[in-house]
There are 2 protein chains.
Amino acid sequence: MDKKQTATIINISNIRATCKECALREHCIPQGLDEADLGALDRVVKRRRKLKKGELLYRAGDPLRSLFAIFSGSIKTTGLMEDGRAQVTGFYLSGELLGIDAINSARHPCTAEALESSEVCEIPYPALEELAQHVPHLQHHLFQIMSREIARDEQMLLMLGRMSAEERLAACLLSFFRRQARLGLNGRDLKLSMLRQDLGDYLGLALETVSRLFSRFQEEGLIKVEGRHIQLRDPARLEALANGSAGSHHSRQN
Amino acid sequence: MDKKQTATIINISNIRATCKECALREHCIPQGLDEADLGALDRVVKRRRKLKKGELLYRAGDPLRSLFAIFSGSIKTTGLMEDGRAQVTGFYLSGELLGIDAINSARHPCTAEALESSEVCEIPYPALEELAQHVPHLQHHLFQIMSREIARDEQMLLMLGRMSAEERLAACLLSFFRRQARLGLNGRDLKLSMLRQDLGDYLGLALETVSRLFSRFQEEGLIKVEGRHIQLRDPARLEALANGSAGSHHSRQN
DNA sequence: CGTAGCTTTGAGTGTTATCAACTCTCGTGG
DNA sequence: CCACGAGAGTTGATAACACTCAAAGCTACG
């Protein structure tokens, strides 16, 4: 007889993955498409693929063949410097699209690694572009997704360039809470799938700094920290921190 | 009789701006389009618009109506925090496209300001999207441009998150030299159109730090600095600096 | 239950920000 | 014509925030 865990997992995977039937339909590429166009999209999208924790979806330098939509789990993308310093350029959750930074050069500039067991849908890029040509709504939505990515990166630039360590972590946590809430999940309990090191590499901080901030935020009653499990205790004050409205920040007299 | 300056300016503006005849044709949106499609694009693009130094093209929060292609001059885009801290999210030069970060939310997230007298071509966004639907090559190129912007932002994330002040300025200068060279201009002499403050707000540094670095780079014979005029003296060593290959950097023993 | 990897906490240091003073350029008006 | 002032840039002194190194505690998983 099957072990319980395995049985559950197999059940999920047995569902033939079609955009038409996907729970994330309105959070992902198919958003807003009608039945006919969904059918066309399903002929393009490949079968769902499973990734184990730590498995790489692609490496920096790999030629672009497909984009990947995340169905479940989470993935980080990392850019590397020659001397080994790493910058995590993004954490991607369910419903988010991966690989669009590769379209320009036809090569992936970053490495994508699963932070936990994850499932992704593979979308061959040439076929997607071709399809977008015939489905106005899809083209429109792709422009939207790419623009959103740019706006998000700009927000990160502001964080890395102008915010204190404290503000960065506060903003980052709020972003996770919000993205989880958008998917209709609990907006107060968060299970981080990444290491302190990854958070540091994302926020431009040392892992020790991240750890110290978690401790401090807990002392101040903003959150409760139990390893990777974070509970939101005081959204308003965390928000205030993220906006620099609080704290002893200097913001030079001009 | 006209003053000399004015006469010159009027001459340039008298040229009816069409993509077909534009010197930047292959560095801008029309890249790779055939004659017929160029004609269609010209019916969409509005007449060239002049901006004086300091003039705003749009403000953060403005609704998106058009994208803007820069014909001449240079423009900076700035995101602002409530408390006044500014992050310059990009410097845009001839042939580059402005405003694509606004597509997602239909509002500009940044303010765009001319750093010097500049000319921009206005491209109403709805019409551009519509045209891309009928011109596969244009759609393809727009995806390319947007992807390039994402890849560029990711590069900036790496800079702001993981590079020292020295490395950031070196990389930034090299980027300016290269972008100028790509347009077929002199690759050794650079006229910066922005303030030290702007460079600082772009690189996440205080203006004093930027100024000190210019002085240091000059002492070390990497560049020659005369106010806003920069001359490249030792490309190889500047490159080495930008890649962290040189210098007393720590890159922790892992 | 043991070990490897992750996380926390502490102590000391350094890079870069802030504040401050001075210089330089350029345009304006007395 | 020169004094004046505003804006930009340089340079110096000091201090703070976050980094590095170090060691101990914790967790999870074989």
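Naming convention: chains lettered A, B, ... in sequence-line order (proteins, then strands); numbering from 1 in each chain.
- No side-chain N or O of Thr78(B) forms a donor-acceptor pair with one of Thr111(B) less than 3.5 Å apart.
- Residue Glu116(A) contributes atom CD, which lies 13 Å from atom P of dC29(D) at whole-angstrom precision.
- Distance alone, capped at 3.5 Å, is enough to place a donor-acceptor pair between the Arg162(A) side chain and the Ala86(B) backbone.
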A correct 5'-to-3' footprint of nucleotides 1-11 of chain C, with B, S and - meaning base, sugar-phosphate only and no protein heavy atom under 4.0 Å, is -----SSBBBB

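- For Gln218(A) (side chain) and Val225(A) (main-chain N/O), a donor-acceptor pair under 3.5 Å exists by modelled atom type.
- At whole-Å resolution of the value, CG in Leu203(B) and P in dA17(C) are 10 Å apart.
- Rounded to whole Å, the distance from CZ on Arg168(B) to C1' on dT16(C) is 10 Å.
- In terms of modelled atom types and a separation under 3.5 Å, the side chain of Arg48(A) and the main chain of Phe71(A) share no donor-acceptor contact.
- Checking dT18(C), dT20(D), dT16(C) against the side-chain heavy atoms of Ala206(B) singles out dT18(C) as nearest.
- Separating the CD atom of Gln218(B) from the P atom of dG9(D) is a distance of 15 Å, rounded to the nearest angstrom.
- Separating the CD atom of Glu219(B) from the C1' atom of dT11(D) is a distance of 11 Å, rounded to the nearest angstrom.
- One end of the helix from dC1(C)-dG30(D) to dG30(C)-dC1(D) points its axis 30° away from the other end's axis, with each axis taken from 5 pairs and the angle rounded to 10°.
- As judged by a 4.0 angstrom heavy-atom cut-off over every strand, Gly204(A) is placed among residues touching the sugar-phosphate backbone only.
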*Can you list the steps and then say if Phe91(A) with Leu199(A) is a side-chain contact (heavy atoms from CB on, under 4.5 Å)?*
CA-CA 9 Å; Phe91(A) 295 115; Leu199(A) 280 171; 4.2 Å; yes

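- With salt bridges taken as basic N to acidic carboxylate O contacts below 4.0 Å, none links Arg148(A) and Glu96(A).
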Would you list the protein and nucleotides 23-26 of chain D atom pairs, both N or O, that sit under 3.5 Å from each other?
none

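- Panel note: side chain Asp198(B), backbone Leu195(B); a donor-acceptor pair is recorded below 3.5 Å.
- We find that CZ of Arg216(B) is positioned 14 Å from C1' of dT11(D), with the value rounded to whole Å.
- Counting heavy atoms from C-beta outward, Ile230(A) and Leu232(A) have side chains that stay 4.5 Å or more apart.
- Put simply, the residue from Ser118(B), Ser74(B), Ser117(B) that forms a side chain to side chain contact (heavy atoms under 4.5 Å, CB included) with Ser193(B) is Ser74(B).
- Between Ile75(A) and the options Val120(A), Leu115(A), Leu93(A), a side chain to side chain contact (heavy atoms under 4.5 Å, CB included) holds for only Val120(A).
- A donor-acceptor pair shorter than 3.5 Å cannot be found between the side chains of Gln87(B) and Arg85(B).
- Taking atom CD of Glu166(B) as the reference point, atom C1' of dG14(C) lies 14 Å away to the nearest angstrom.
- As rounded to whole Å, 13 Å separates atom P of dA8(D) from atom CG of Leu199(B).
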